[in-house]
A.B. asks: 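Have a look at this one before I ask anything.
Not measured: the values here are computed from a predicted model. Just so it is clear: chains get the letters A, B, ... in the order the sequence lines come, proteins before strands, and each one is counted from 1.
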Number of protein chains: 2
Amino acid sequence: MPWLTDASKNDTVTLICDRVWLAVVQRSLRPGARLKDEDLAEAFGVSRARVRQALAVLEKDGLVSLVPNRGACIAEPGVAEARDAFYTRGFIEKRLVERLCALATQADIAALRDHIAKERAAHAGQDSEAVIRLSGEFHLLIARLTDAQFLGKILRTLTTRTSLITAMYQTESTQTCGPDEHEAIVNAIEARDAARAADMMEHHLHHLESALQLHEAKSPAVDLRAALGLSDAAAQ
Amino acid sequence: MPWLTDASKNDTVTLICDRVWLAVVQRSLRPGARLKDEDLAEAFGVSRARVRQALAVLEKDGLVSLVPNRGACIAEPGVAEARDAFYTRGFIEKRLVERLCALATQADIAALRDHIAKERAAHAGQDSEAVIRLSGEFHLLIARLTDAQFLGKILRTLTTRTSLITAMYQTESTQTCGPDEHEAIVNAIEARDAARAADMMEHHLHHLESALQLHEAKSPAVDLRAALGLSDAAAQ
DNA sequence: CAGCGCAATATTGTCGACAATAAAATTGAC
DNA sequence: GTCAATTTTATTGTCGACAATATTGCGCTG
C-alpha cells in the first residue's frame, strides 16, 4: 500500500505514524485509547525516543492528544471539530470532483472503478476493516488523481479525523455507507457532469454526517453506562 | 504573538517549532539553511532529543527537509510545489473571502482595517521583517474570522510555504506587495460584493506568483542564533 | 464503615553518552 | 602538480539511565 505518505523513507518514525494511522482508520485503535510509549517501544522493537518523535508529529496532526504529564491517547474530537471537519471536507471535495470532471482521463476513471470493485469485494467478504479503510481511501484517490498534492495531504488528515468522529458518534445502526454512493460520483465524473458530481459528493458527505448523533456525549461514559444498563442520572 | 498555534502549552518543542517558523516567515532563515541539532540544542538551552522532536514535526509540516544521515535543513520547495501551493491558496482563499462577505460583522471588518493600519505603519517605518510577517498574517486573519479552524491551520502551512517560495524565487526588484491590495479586498468584503472580493483575492495571489521567476536558485547558510533572534540569552 | 492522607508503583519527561555514517583533510603516489 | 586513498573529524542516529510527576493501593482516623 504505497500511499501518499513519504513512503520511500525507511524512517522508523514514519513507520510508527503510519501504523498508528492505519490502526485508527481500521478502528482497532479507538478514540481515547491510551498509548503508553513504553508499550509502543516494545511493540515496534525500538527505543522510546523514537516513539516519542512519532507521538509528537501525530499530535500536531491532531490524531493523538498529548497532555503534559499524563501521556498520550487517541484524540477525541468534540462536536465543533466534527462539524468543522465535515464542512472542510465538503468545501474541498466538492471542488475536487468538479475539477476532476474536467481533467479525468480514461485511466483515472478505470482506477476509480477498480477501487469501487475492491470496495464491493470487501463488502461481500464481510471484511469490515477493509471496508472502512477502502471507503476512506476512495476520497484520497480522488485527491491524488487531480494532481493536488497539498489537498491530498489535507484530505488524508481530514478523512482520518472523520474516522475518529464516526468512531465516536456513530449510532449502532449506522454502518459505513456502501460503495453505491461512490459509484454515483464516479458515474457523474465519467459523464463530465460537474454540477451533478459536486451534488453527489455533497450528498454523500451530508449522508455521512447526518448518520451521526452529534451531541455532547463522552464516549467512555456512554460505553460504560450503556454497557452496564444504568440510567443516565446516577453517575458522577 | 498568540497565534492559532496551540499556544497554551508550555511545551518546549512547540516553542522551538514556532521560533523556527517565525524565523522562516521573517526571512531570517532562508531555504537550504542547515539546522545542526546540536547548535539548536545549545541555542535553546535544551537537549538534542527535544530539538529532534521539533525537527520531526517541522519535517512533516514540510518546513524542513530531513535527509537520513545528513541532517536537517530548511526546505527548498521545487517549482511544482510552488505552483501547487499557489493553486491551493487560490482554491481556499477565494472561497474564504466569499464566505466572509456573507458572514463578516462590523467588528470583523474593523479588525481587518486595524490590521491594514499596522501593515501601513510597518511599511512606513521600513520594518521589513514586520512588513513580511504582517502581510502573511492578513491572510491568516481572514481565515480566523470565518471560524474555519481547519482551513486556518492549512492556510498557516501554506503561507509559510509561500514565504519559502518567495524567498527562493523572488527577483530583487520584487518587494512584498504593499497593503493596497489587501485594502481592496477588505473594501469588497465591506461592500458585500463576493464576486469582486474573490476576484481581488485571485488577482492578489496571481500578482504574488507572477512576480517570481520560477527557476532554480541558491541560498547560503546563515548564522543560527542571530536568525532566530535569541541574543545569547539561552546560550550561556 | 466512610473519608482522608501517605506510601508504593508506574509512567512520563529529560538528559548525557556511545555507535554509525558522511564530510573533510592529510598524505602519498604517479 | 594533481588525483586518489586513507585517516581524521564532525555530525547524526540510537539507546539506556535518571529525575519528576501522576496514579494506585493501603493504612489510619474519625
A.B. asks: Please name all residues satisfying side chain to side chain donor-acceptor pair (under 3.5 Å) with A:Asp84, sequence neighbours left out, ordered by chain then number.
C.D. replies: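 Side chain to side chain donor-acceptor pair (under 3.5 Å) check on A:Asp84 returns nothing, list empty.
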A.B. asks: Taking only residues two or more places apart in sequence, or in another chain, which ones meet B:Arg70 in a side-chain contact (heavy atoms from CB on, under 4.5 Å)?
C.D. replies: B:Val67
A.B. asks: Could you pull out all residues at least two apart from B:Phe138 that satisfy ring-ring contact (aromatic ring centres under 6.0 Å, His included)?
C.D. replies: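 By the ring-ring contact (aromatic ring centres under 6.0 Å, His included) rule, B:Phe138 matches B:His182.
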A.B. asks: Among residues at least two apart in sequence or on other chains, which ones pass side-chain contact (heavy atoms from CB on, under 4.5 Å) with A:Asp127?
C.D. replies: A:Glu129, A:Ala130
A.B. asks: Can you list the residues that meet the side chain to side chain donor-acceptor pair (under 3.5 Å) rule with B:Arg161, with sequence neighbours excluded?
C.D. replies: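 Expected list: none.
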A.B. asks: For B:Ala80, which residues count as a side-chain contact (heavy atoms from CB on, under 4.5 Å) partner, sequence neighbours excluded?
C.D. replies: none
A.B. asks: For nucleotides 6-11 of chain D, print each protein N/O atom paired with a nucleotide N/O atom at under 3.5 Å, atom names and distance only.
C.D. replies:
residue : atom : partner : partner atom : Å
D:dT11  : OP1  : B:Lys36 : NZ           : 3.1

A.B. asks: For A:Ala117, check side-chain contact (heavy atoms from CB on, under 4.5 Å) against everything at least two apart and list the hits.
C.D. replies: none
A.B. asks: How about B:Thr166 and B:Arg27: does a side-chain donor come under 3.5 Å of a side-chain acceptor?
C.D. replies: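 There is such a pair (donor and acceptor under 3.5 Å, judged by atom type) between the side chains of B:Thr166 and B:Arg27.
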A.B. asks: Got a sec? Which of residues 48-56 of chain B come in under 4.0 Å of DNA chain D, heavy atoms?
C.D. replies: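 Only B:Arg48, B:Arg52 qualify.
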A.B. asks: Can you list everything that forms a side chain to side chain donor-acceptor pair (under 3.5 Å) with B:Thr162? Sequence neighbours excluded, please.
C.D. replies: B:Arg89
A.B. asks: Under the rule for side chain to side chain donor-acceptor pair (under 3.5 Å), what residues qualify as partners of B:His207, not counting sequence neighbours?
C.D. replies: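 B:His207 satisfies side chain to side chain donor-acceptor pair (under 3.5 Å) with B:Glu181 once adjacent residues are dropped.
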A.B. asks: Using chain A heavy atoms and a threshold of under 4.0 Å, write down where along DNA chain C the contacts begin and end, 5' to 3'.
C.D. replies: C:dT11 to C:dT14
